[in-house]
2 protein chains.
Amino acid sequence: MSPKPMARPGGRSARVQESVHAAVRELVGEVGRDALTVPMVATRAGVTPSTIYRRWGDLHELLSDVAVERLRPETDPADLGSLRADLDAWAEQFLDEMASPPGRAYIRDALLGDPDGINAGQCSAYAAEQIDAVLARAVQRGEPVPETELLFDRVVAPIMYRVLFRPGRLDAAYARELVTNAVYTLQIDAGAPPTQAAAPRRSKKPDS
Amino acid sequence: MSPKPMARPGGRSARVQESVHAAVRELVGEVGRDALTVPMVATRAGVTPSTIYRRWGDLHELLSDVAVERLRPETDPADLGSLRADLDAWAEQFLDEMASPPGRAYIRDALLGDPDGINAGQCSAYAAEQIDAVLARAVQRGEPVPETELLFDRVVAPIMYRVLFRPGRLDAAYARELVTNAVYTLQIDAGAPPTQAAAPRRSKKPDS
DNA sequence: ACCTTAATGCGAATTTGTTGCTTCTAGCCG
DNA sequence: CGGCTAGAAGCAACAAATTCGCATTAAGGT
């Protein structure tokens with residue numbers, strides 16, 4: 001069912017996969033996601049519908065595949081000289097991408113046709129890669145770093161939860177606030193006295 | 001499209017809605033969610049398929065509706081005498097329900113057929129009700145309480161994120177840990193010295 | 001009790017999804 | 001290098017689903 005373990009990665013199979021993915025991307029832009037149908041994609045891709053049904057099962061799994069492709073980060077997180085700056089920048093960009101209408105659509109699609117949670121796990125793995133890259137640099141600089149899991153709980157999870165469940169204002173300030181609170185915890189762990197600026201505050205509620 | 005703003009809430013419409021929902025619940029148990037079809041549900045409910053298509057649009061939106069019904073908490077959170085105890089108990093139960101196979105299925109269904117995010121917002125509202133009930137009691141007792149939004153970020157979001165994106169071990173200890181960290185922050189805000197037991201720790205990673 | 005109109009029922013027409021079989025070809029072995 | 005083998009795609013007939021126009025029913029208001 002899942003198209004990932006391709007027994008024959010090369011040649012025609014690969015061409016068909018790329019052709020179908022391209023057709024989906026084009027048609028989503030032209031007629032919109034809701035109007036997409038498997039026969040339509042098949043025609044555009046120059047294959048027969050049964051090929052798509054056999055390889056992907058249904059439209060949702062195909063869209064899920066395409067969505068995961070587009071959720072893959074294409075660039076490493078920027079190096080701004082400090083853990084805090086890097087995390088701020090990454091969190092802001094992450095929130096921007098995920099909260100934008102296309103981002104939401106991709107997330108939904110990725111979750112949609114994904115019986116085994118494989119694609120969802122892949123999304124999570126992408127975020128982990130980016131976070132780990134930031135943390136590794138911080139370690140190189142000799143900075144104390146939080147665990148990846150803490151950042152998932154404190155930064156990634158709140159963003160994703162609100163994107164999915166709470167249609168409300170999600171802005172860069174919120175992302176920075178999450179990072180602040182995560183790093184604040186770290187400072188306490190490290191024994192440093194918390195500064196006033198780093199104190200948690202929730203003056204702004206991103207939802208209604 | 002969305003069935004909520006029923007122009008005619010009473011009489012036949014209500015009977016049809018209940019009949020269809022019941023049919024879905026029965027058939028999911030009998031043949032499984034994957035084998036469900038709209039005509040099948042229609043036959044069981046004693047309505048014509050076109051009625052379902054017109055009111056719900058497609059099977060996913062119908063399943064989303066039914067899922068939200070089942071995600072509605074049927075009982076108020078227990079009163080165990082303290083904010084901490086109440087939150088622990090609530091978080092444990094919440095995690096149990098959401099991480100269980102049927103719970104995961106309901107969450108996925110609720111998100112799945114929900115173009116406007118209305119049903120997802122309803123899920124979030126249910127959690128808010130429960131949390132607010134716990135917090136209101138704590139206020140009555142004179143305890144300092146965190147804001148609802150903080151608990152969403154620190155407790156609800158991490159649980160839901162992991163349920164959706166990180167198939168891994170989610171146990172009661174993790175729920176308590178999240179509550180501990182949320183309340184720990186509160187204690188700092190209130191000026192109380194953090195105890196060792198309340199210090200954040202992430203010895204257990206709920207995922208691989 | 002009557003009127004208005006949303007909501008349902010019904011069935012034909014259309015579209016989508018499935019299946020068995022054939023054909024093609026990438027990867028492999030001699 | 002040339003012929004096997006099996007996975008993958010094409011094809012076509014079939015089965016199932018979704019859509020649509022129109023007739024009918026029944027809530028809710030007057």
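Note that the coordinates shown come from a computational prediction; the quantities given were computed from them, not determined experimentally.
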Starting from the 5' end of DNA chain C, give me the residue, P39(A) or S50(B), whose nearest nucleotide shows up first.
-> S50(B)

Is the shortest side-chain N/O distance from R55(B) to OP1 or OP2 of dA7(C) below 4.0 Å?
-> no

Atom pair distance, as rounded to whole Å: CG in L62(A) and P in dT16(C) = 15 Å

Nearest-nucleotide pick for V47(A), side chain only, options being dT8(C), dG10(D), dA8(D) | dG10(D)

Can you spot which of D153(B), V183(B), L83(B) makes a side chain to side chain contact (heavy atoms under 4.5 Å, CB included) with P146(B)?
-> L83(B)

Whole-Å distance separating the CG atom of L59(B) from the P atom of dT16(C) = 18 Å

What nucleotide among dA8(D), dT8(C), dT19(D) has an atom nearest to a side-chain atom of Y53(B)?
-> dT19(D)

Could you tell me whether R141(B) and D86(B) make a salt bridge, using a distance below 4.0 angstrom between a side-chain N and a carboxylate O?
-> yes

If you check the R54(A) side chain, which of dT19(C), dA7(C), dA8(D) turns out closest?
-> dT19(C)

Does S13(B) put a side-chain nitrogen or oxygen below 4.0 Å from OP1 or OP2 of dA7(C)?
-> no

Among dA26(C), dG10(D), dA27(D), which nucleotide sits nearest the side chain of R15(A)?
-> dA26(C)

Kindly point out which of dC22(D), dG17(C), dT16(C) is positioned nearest to the side chain of T37(A)?
-> dT16(C)

Rounded to whole angstrom units, what separation is found between the NE2 atom of H60(A) and the C1' atom of dT16(C)?
-> 13 Å

Measure from the side-chain heavy atoms of T48(B) and tell me the nearest of dG9(C), dG10(D), dG17(C).
-> dG9(C)

In terms of ring plane angle, is the pair W56(A) and H21(A) parallel, tilted or perpendicular, where the classes change at 30° and 60°?
-> tilted

When you get a sec, tell me which of dG17(C), dC20(D), dC21(C) is the closest nucleotide to the side chain of V38(A)?
-> dG17(C)

Over-ring placement of R166(B) relative to F152(A), 6.0 Å and 45° cut-offs = yes

Round to a whole Å and report the spacing from CG of D58(A) to P of dA16(D).
-> 19 Å

How close or far is atom C1' of dA17(D) from atom CH2 of W56(B), stated in whole angstroms?
-> 18 Å

Flag the pair R44(B) and E30(B) as a salt bridge only when some basic side-chain nitrogen lies within less than 4.0 angstrom of an acidic carboxylate oxygen.
-> yes

